[in-house]
Amino acid sequence: MSDDFMPPIRTERLVIRLAKAGDAAPVAGLMSKAISVRLASWPLPWTEERMAARIAEWRGIGLPCVVERAGDGALIGWVHALRAREDPDRASMGWWCAEAHQGHGYIREAAAALLPVVFDRLGVSVVEAGAQPDNHASFAVMRALGMKPVGVRTTYAAARGRYEPTLFHEIRRG
């Protein structure tokens with residue numbers, strides 16, 4: 001998707017913008033073992049090449065975004081929304097924050113800013129997110145977005161090389 005499809009989103013503290021090829025190395029550099037273990041599809045080692053491929057692929061099906069601090073431009077995290085392959089009326093959101101920037105509510109702010117854009121730009125009626133049952137930080141973001149629990153599905157977590165129960169939440173347009 002072109003950058004004019006989604007101009008940068010600005011909040012009081014953040015800039016959320018579509019990821020581009022030049023972001024691959026800096027984003028890959030933020031991925032750590034502590035972050036990877038909480039994510040299903042970001043296995044280590046997370047390389048610049050893997051990140052470049054993900055950015056290219058995900059720009060074709062959704063809104064892969066970097067999260068920057070507005071004051072100094074520091075790259076602090078990632079938030080994305082991807083149209084579901086099996087149902088074009090649904091999108092899936094995900095997010096993570098660099099270890100040094102966790103605990104400040106940045107991802108909650110970024111996800112809240114992106115959510116209305118997901119409905120508008122992707123034209124979906126439902127947005128979902130999922131996490132492992134002990135991922136309390138992600139569930140706090142889901143609740144802040146107004147998402148409600150919809151059940152558990154078994155998903156493959158490439159980061160851990162196994163199938164796991166994942167608790168999903170969703171929100172409907174309007």
Side-chain angles (χ1 to χ4, degrees), residues 1-24 26-27 30 35 38-42 51 54-98 101-132 135-153 155 166-174:
M1 306 208 168
S2 66
D3 291 344
D4 59 343
F5 180 77
M6 191 193 101
I9 302 165
R10 298 181 188 285
T11 70
E12 184 177 330
R13 302 186 301 162
L14 304 173
V15 175
I16 301 97
R17 63 170 176 77
L18 282 174
K20 55 188 181 232
D23 294 318
V27 173
L30 293 179
I35 296 169
R38 304 304 306 157
L39 305 172
S41 65
W42 296 75
M51 192 69 238
R54 175 153 291 177
I55 289 169
E57 176 189 358
W58 285 9
R59 280 189 66 131
I61 60 172
L63 304 171
C65 299
V66 294
V67 179
E68 299 170 334
R69 217 171 24 214
D72 61 6
L75 178 63
I76 61 172
W78 177 270
V79 62
H80 68 265
L82 307 174
R83 186 181 311 278
R85 287 179 171 91
E86 65 281 354
D87 182 353
D89 197 38
R90 296 180 74 85
S92 178
M93 282 186 77
W95 45 74
W96 57 267
C97 189
H101 304 287
Q102 292 177 358
H104 300 283
Y106 291 135
I107 295 302
R108 185 180 300 188
E109 186 175 329
L114 184 61
L115 182 61
V117 176
V118 173
F119 284 118
D120 179 52
R121 300 295 181 166
L122 297 184
V124 296
S125 296
V126 180
V127 177
E128 71 175 13
Q132 288 68 36
N135 190 339
H136 304 294
S138 279
F139 293 121
V141 172
M142 292 176 211
R143 284 190 303 275
L145 295 177
M147 292 181 164
K148 304 294 183 207
V150 293
V152 176
R153 297 193 303 255
T155 58
T166 304
L167 179 56
F168 282 86
H169 286 57
E170 69 179 31
I171 187 169
R172 295 184 175 274
R173 181 189 291 266

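Computed from heavy atoms alone, side chains included, the values below leave out hydrogens, waters and symmetry copies.
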* Structure fact -> Correct closest heavy-atom pair for Ala129 and Trp95 would be CB-CH2, 3.7 Å
* Atom pair CD/OG of Glu128 and Ser92 - distance to nearest 0.5 Å -> 5.0 Å
* To do: Hey, can you tell me if Trp58 and Trp42 have their rings parallel, tilted or perpendicular (30° and 60° cut-offs)?
  => perpendicular
* Asked: Rounded to the nearest 0.5 Å, how far apart are CG of Asn135 and OG1 of Thr166?
  -> 10.0 Å
* Donor-acceptor under 3.5 Å (Arg59 side chain, Ala19 main chain) -> yes
* Taking the side chain as C-beta and beyond, is there a heavy-atom pair between Pro149 and Phe168 under 4.5 Å? -> no
* To do: Please check if the side chain of Asp89 supplies one atom and the backbone of Val124 the other of a donor-acceptor pair under 3.5 Å.
  => no
* **Leu14 and Ile76, any side-chain heavy atoms less than 4.5 Å apart** => yes
* Atom SG in Cys97, atom CG in Leu30: separation rounded to 0.5 Å? -> 9.0 Å
* **Interatomic distance, Arg83 atom CZ to Arg121 atom CZ [nearest 0.5 angstrom]** => 13.0 Å
* Do Trp96 and Val27 have side chains that get closer than 4.5 Å, going by heavy atoms? -> yes
* Selection residues 106-116 - residue pairs positive for salt bridge (charged side-chain N to carboxylate O under 4.0 Å, His left out), sequence neighbours left out -> Arg13-Glu109
* What is the distance from atom CZ of Arg143 to atom NE2 of His136, rounded to the nearest 0.5 Å? -> 9.5 Å
* To do: List the atom of Phe139, the atom of His169, and the distance in Å for their closest heavy-atom pair.
  => CD2-CE1, 3.4 Å
* Would a 4.5 Å heavy-atom cut-off, applied to side chains only, mark Phe119 and Val127 as touching? -> yes
* **Pairwise side-chain contact, Met142 with Met93, heavy-atom cut-off 4.5 Å (strictly under)** => no
* With the side chain counted from C-beta on, respond yes when Pro8 and Ile16 share a heavy-atom pair under 4.5 Å apart, and no when they do not. => no
* **Glu68 (side chain) donor-acceptor with Leu75 (main chain) under 3.5 angstrom** => no
* For the side chain of Asp23 and the backbone of Lys20, is there at least one donor-acceptor N/O pair under 3.5 Å apart? -> yes
* Asked: Distance from Leu115 atom CG to Leu145 atom CG, nearest 0.5 Å?
  -> 5.5 Å
* side-chain contact (heavy atoms from CB on, under 4.5 Å) between Ile55 and His80, intermediate numbers included -> CA-CA 10 Å; Ile55 289 169; His80 68 265; over 6 Å; no
